[in-house]
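For ligands, and for the atoms within them, numbers begin at 1 and follow the listed sequence. Keep in mind that what you see is a predicted model, and the values were worked out from it rather than measured.
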Amino acid sequence: MKKEENIETNTNLVPLQRQGVVSYGSIGIFDSGYGGLTILEKIHTALPYYDYIYLGDNARTPYGTRSFDVVYKYTLECVTKLFEMGCELVILACNTASAKALRSIQQVDLPLMYPNRRVLGVIRPTVEAVGELTKTKHIGLLATSGTVQSNSYPLEIQKLYNDIFITSEACPMWVPLIENNEHNSQGADYFVQKNILNLLATDPKIDTIMLGCTHYPLLERKIKTFLPKDICLVSQGEIVAKSLTDYLIRHPEMDVRCSKNGTIRYLTTESVEKFSASASVFLSTDIVAEHIDLG
Ligand code: DGL
């Protein structure tokens, strides 16, 4: 039996509306690799009774240095797979995908494919939260090159807080260091310090820094060692978990369609052994992953 068939056979989440029954399914959590696990962990803590399917596109990570068209194409393929598996709601737990693909998927693809399902990103809730934290009104953003180039954070900030000034620093080495489990090495020290110094030299008034990449919480301790004590460092996990909790309260019609058996499945487009081993670094618990082929 092919692995993909195996996944379909194992799941009870085949879309039920095709059988004329009210559909219900898991919440899909998508990232280019392991980073979204930092979001999944906080979401699961806040909402433990729901079912989740995590999909990491590890075979094609990183997304952060890829073009708009490629990130959109890859993200749409992964979201479509999660929908085919019955997910009613998908969270893009990836800033790069949220920056480059979310709007097109929400406005163009979803209405045609699955008009009653939803895809949510991580940028809007992060911006909403961080705007309340800064006193100097000067915020720093650490993110992938793709997220920085997209200008999504400054645009979202402008919509909500027109008195906040944002300075961005692209950190293209950070995701590869983390994906290769090198984030505690001296090599990581060099790149982390370099990007922090660049950011603070560009705007010395910054009092709040956002980690605008779901991989970066793994570098949080190291980042803090290079930051002045009075700078507030914000990572996204709890913010996104709270935002999803609020969303489900505000949208009971979606909440009722999210199944609640407390399960989590982990899918990867890469090797199952590698994913299972590396995921434990992100989750501090052992998991068993399943392989999935897209397309
Ligand atoms: N976790 C993704 C993000 O939040 C990493 C992107 C990448 O694959 O480079 O942007």
Side-chain angles (χ1 to χ4, degrees), residues 28-43 54-79 90-103 105 119-127 129-130 141-154 156 168-183 188 191-192 195 209-220 223 233-241 243-244 266-270 274-275 278-279 281-283 294:
I29 311 273
F30 164 71
D31 183 46
S32 61
Y34 302 109
L37 294 171
T38 64
I39 303 285
L40 170 65
E41 191 169 42
K42 301 293 183 192
I43 289 178
Y54 183 88
L55 172 51
D57 192 8
N58 301 78
R60 302 188 292 192
T61 198
Y63 280 15
T65 43
R66 296 187 190 273
S67 69
F68 260 89
D69 287 352
V70 170
V71 172
Y72 166 59
K73 177 177 178 291
Y74 287 0
T75 304
L76 182 58
E77 284 170 6
C78 292
V79 167
V90 173
I91 312 296
L92 301 187
C94 174
N95 290 266
T96 312
S98 299
K100 292 186 165 185
L102 178 64
R103 183 167 303 193
I105 292 176
V119 180
L120 305 174
V122 290
I123 294 179
R124 179 74 181 218
T126 307
V127 164
V130 89
L141 171 70
L142 297 167
T144 65
S145 307
T147 299
V148 170
Q149 280 160 15
S150 74
N151 227 19
S152 296
Y153 271 94
E156 286 298 328
S168 306
E169 170 76 6
C171 311
M173 291 304 293
W174 292 16
V175 169
L177 283 165
I178 294 165
E179 287 280 323
N180 290 292
N181 205 4
E182 286 288 335
H183 50 285
F191 287 106
V192 169
N195 289 124
I209 294 180
M210 290 179 279
L211 295 183
C213 172
T214 55
H215 281 68
Y216 295 177
L218 267 87
L219 288 166
E220 200 165 331
I223 294 168
L233 186 64
V234 182
S235 57
Q236 299 175 294
E238 277 160 17
I239 292 170
V240 174
S243 168
L244 178 59
Y266 298 91
L267 310 181
T268 176
T269 54
E270 243 288 348
K274 186 169 182 289
F275 187 92
S278 299
V281 175
F282 284 75
L283 294 170
L294 300 170

_Pair Ser32, Asp57 - check side chain to side chain donor-acceptor pair (under 3.5 Å), show working._
CA-CA 5 Å; Ser32 61; Asp57 192 8; over 6 Å; no

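Given atom 9 (O) of ligand 1, the protein heavy atom at minimum distance is Gly64 N, 2.8 Å. Scanning the protein for heavy atoms near atom 6 (C) of ligand 1, the closest one is Thr96 OG1, 3.3 Å. At the top of the distance list for atom 5 (C) of ligand 1, counting protein heavy atoms only, stands His215 ND1, 3.4 Å.
Below 4.0 Å from some heavy atom of Thr144 lie the following atoms of ligand 1, by number and element: 6 (C), 9 (O), 10 (O). When each atom of ligand 1 is checked for a heavy atom of Ser32 under 4.0 Å away, the hits are 5 (C), 6 (C), 7 (C), 8 (O). Close contacts of ligand 1 with Asp31, meaning ligand atoms under 4.0 Å from a residue heavy atom, involve 1 (N), 2 (C). Near Thr61, with a cut-off below 4.0 Å to any heavy atom, the atoms of ligand 1 are 8 (O).
Using a distance-only test at 3.5 Å, with no hydrogens or angles considered, no donor-acceptor pair links the side chain of Tyr72 to the main chain of Lys100. A donor-acceptor contact shorter than 3.5 Å is absent between the side chain of Ser243 and the backbone of Ile239.
Aromatic pair Tyr216/Trp174: centroids less than 6.0 angstrom apart. Residues Tyr34 and Phe275 bring their aromatic ring centres within 6.0 Å.
With a heavy-atom cut-off of 4.0 Å, Cys213 touches ligand 1 through backbone and side chain alike. Of the heavy atoms in Asn95, both backbone and side-chain atoms come closer than 4.0 Å to ligand 1.
Between Val70 and Tyr63 the shortest side-chain heavy-atom distance does not fall below 4.5 Å.
Ligand 1 does not have Gly33 within reach: every non-hydrogen atom of the residue lies 4.0 Å or more from it.
Taking every heavy atom of both residues into account, Thr96 and Gly64 meet most closely at CG2-CA, 3.8 Å.
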